Peer 1: 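My structure is below; once you've seen it, I'll send some questions.
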Amino acid sequence: ASLTAILANIVPYALDLNIEKQKAAELVSIMAFTGIIGKLLFGYAADFLNLKVSYWLAMVFMAAGFLLLSVQPSYQLMVVSAVAIGVSIGGIIPVYGSLLAKVFGIISYARVMGLMRILTLMISMLGAPFAGIMFDATGSFTIAFQILSVALMLAGLIIIPLKLNSKYSGTR
């Protein structure tokens with residue numbers, strides 16, 4: 001939900017802060033480019049680091065980006081925020097896939113991934129309207145970004161008690 005909220009609203013938010021149209025649009029490109037970097041960095045980390053730590057780091061990066069946005073920053077700080085969010089968005093993909101394999105095993109991976117995509121799609125669809133509703137109610141995206149930051153931090157904490165299999169398993 002945080003991804004759709006930011007992608008749908010970063011340009012209107014920047015424009016609301018009197019950022020030039022071109023610079024506001026560049027923020028989306030910055031997130032996309034740094035998402036590639038995040039995929040590479042976290043993909044490598046997922047193979048060598050603790051997956052829970054990798055997931056937690058991705059959530060911290062994204063939450064920090066949202067918190068930074070919530071203070072109505074300058075364009076330069078919005079770029080820093082876009083980098084943090086982009087790296088996180090890209091990074092969570094390989095970590096998430098590895099976590100599913102560790103929790104459910106290789107045999108169940110495709111089925112679990114398919115079911116999880118349905119759930120995440122439904123939740124993702126709520127992000128943009130949520131931020132829009134919060135903007136309409138308050139005249140700002142600040143509260144929406146703060147709430148999403150808290151949700152991201154909770155997502156990072158929820159992973160802690162998750163039991164991971166010690167090895168990828170081809171059996172149930």
Side-chain angles (χ1 to χ4, degrees), residues 1-46 49 51 53-99 113 116-159:
S2 59
L3 171 61
T4 58
I6 198 63
L7 290 177
N9 294 295
I10 188 70
V11 173
Y13 181 61
L15 293 174
D16 195 46
L17 296 177
N18 297 315
I19 305 294
E20 298 171 27
K21 287 180 186 179
Q22 182 177 342
K23 286 186 174 186
E26 286 172 359
L27 293 169
V28 177
S29 296
I30 290 167
M31 282 190 270
F33 178 74
T34 56
I36 295 168
I37 294 168
K39 281 181 181 66
L40 296 172
L41 290 175
F42 279 86
Y44 182 79
L49 297 178
L51 288 173
V53 170
S54 297
Y55 182 86
W56 183 81
L57 285 172
M59 293 298 102
V60 167
F61 271 90
M62 193 177 298
F66 274 89
L67 283 176
L68 185 56
L69 285 176
S70 76
V71 299
Q72 301 180 355
S74 66
Y75 177 73
Q76 291 78 12
L77 289 177
M78 290 184 87
V79 168
V80 171
S81 176
V83 167
I85 292 169
V87 167
S88 174
I89 289 169
I92 200 64
I93 293 168
V95 172
Y96 181 74
S98 295
L99 276 170
M113 180 62 96
M116 292 300 291
R117 293 300 299 156
I118 292 169
L119 177 63
T120 56
L121 178 62
M122 290 188 299
I123 292 170
S124 293
M125 291 185 329
L126 301 175
F130 165 75
I133 290 166
M134 295 304 295
F135 179 85
D136 291 343
T138 66
S140 170
F141 289 106
T142 298
I143 293 174
F145 291 158
Q146 290 170 344
I147 290 170
L148 290 167
S149 294
V150 170
L152 289 161
M153 287 185 251
L154 289 173
L157 292 175
I158 287 172
I159 199 80

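Note that the coordinates shown come from a computational prediction; the quantities given were computed from them, not determined experimentally.
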Peer 1: Distance from Met134 atom CE to Ser140 atom OG, nearest 0.5 Å?
Peer 2: 9.5 Å
Peer 1: Within the distance-only criterion (no hydrogens, no angle test), does the side chain of Ser81 pair as donor or acceptor with the backbone N or O of Gly65 below 3.5 angstrom?
Peer 2: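 Yes, Ser81 side chain to Gly65 backbone: donor-acceptor pair under 3.5 Å.
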Peer 1: Could you tell me which non-hydrogen atom of Leu15 sits nearest to which non-hydrogen atom of Ile19, and how far apart they are?
Peer 2: CD2-O, 3.4 Å
Peer 1: How long is the gap from CG on Leu3 to CG on Leu152, to the nearest 0.5 Å?
Peer 2: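 Result: 10.5 Å between the selected atoms.
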Peer 1: So Leu17 and Met78, do their side chains get closer than 4.5 Å, heavy atoms only?
Peer 2: yes
Peer 1: Less than 4.5 Å apart, any side-chain heavy atom of Ile158 and any of Met153?
Peer 2: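 They are not in contact (no side-chain heavy atoms under 4.5 Å apart), so the answer is no.
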Peer 1: Heavy atoms, side chains only, cut-off 4.5 Å: are Ile10 and Leu69 in contact?
Peer 2: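 They are in contact (side-chain heavy atoms under 4.5 Å apart), so the answer is yes.
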Peer 1: What pairs meet the ring-ring contact (aromatic ring centres under 6.0 Å, His included) rule with one or both residues in residues 17-44, with sequence neighbours excluded?
Peer 2: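 Non-adjacent pairs meeting ring-ring contact (aromatic ring centres under 6.0 Å, His included): Tyr44-Phe48.
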Peer 1: Under the rule for ring pair (Phe, Tyr, Trp, His ring centres under 6.0 Å), what residues qualify as partners of Phe66, not counting sequence neighbours?
Peer 2: Phe145
Peer 1: Can you sort out the partners of Phe130 under ring pair (Phe, Tyr, Trp, His ring centres under 6.0 Å), two or more places apart, ordered by chain and number?
Peer 2: none
Peer 1: With the side chain counted from C-beta on, respond yes when Val71 and Leu77 share a heavy-atom pair under 4.5 Å apart, and no when they do not.
Peer 2: no
Peer 1: Please check if the number of heavy atoms outside Phe61 that lie under 6.0 Å from its CZ is greater than 12.
Peer 2: no
Peer 1: How long is the span from the CD1 atom in Ile143 to the CD1 atom in Ile133, to the nearest 0.5 Å?
Peer 2: 13.5 Å
Peer 1: Tell me which pairs pass side chain to side chain donor-acceptor pair (under 3.5 Å) where either residue lies in residues 7-16, with sequence neighbours left out.
Peer 2: none
Peer 1: Look at the side chain of Thr120 and the backbone N and O of Met116, then say whether any donor-acceptor pair between them is shorter than 3.5 Å.
Peer 2: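 Side chain of Thr120 to backbone of Met116: a pair is present.
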Peer 1: Tell me which donor-acceptor pairs under 3.5 Å the side chains of residues 22-31 have, and how far apart each pair is, sequence neighbours excluded?
Peer 2:
{"residue": "Gln22", "atom": "NE2", "partner": "Glu26", "partner atom": "OE2", "Å": "3.3"}
{"residue": "Glu26", "atom": "OE1", "partner": "Tyr75", "partner atom": "OH", "Å": "3.2"}

Peer 1: In a table with atom names and distances, give each donor-acceptor pair under 3.5 Å that connects a side chain of residues 84-96 to protein atoms at least two apart or in another chain.
Peer 2:
{"residue": "Ser88", "atom": "OG", "partner": "Ala58", "partner atom": "O", "Å": "2.5"}

Peer 1: Between the main-chain N or O of Ser124 and the side-chain N or O of Thr4, is there a donor-acceptor pair closer than 3.5 Å?
Peer 2: yes
Peer 1: To the nearest 0.5 Å, tell me how far Ile118 CD1 sits from Leu121 CG.
Peer 2: 8.5 Å
Peer 1: Would you compute the distance between atom CG of Leu51 and atom OG of Ser98 and round it to the nearest 0.5 angstrom?
Peer 2: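 Atom-to-atom, Leu51:CG and Ser98:OG are 5.5 Å apart.
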Peer 1: Between OG of Ser2 and CG of Leu7, what distance do you get to the nearest 0.5 Å?
Peer 2: 9.0 Å
Peer 1: Which heavy atom of Gly127 sits nearest to which heavy atom of Ala5, and what is that distance?
Peer 2: O-CB, 3.4 Å
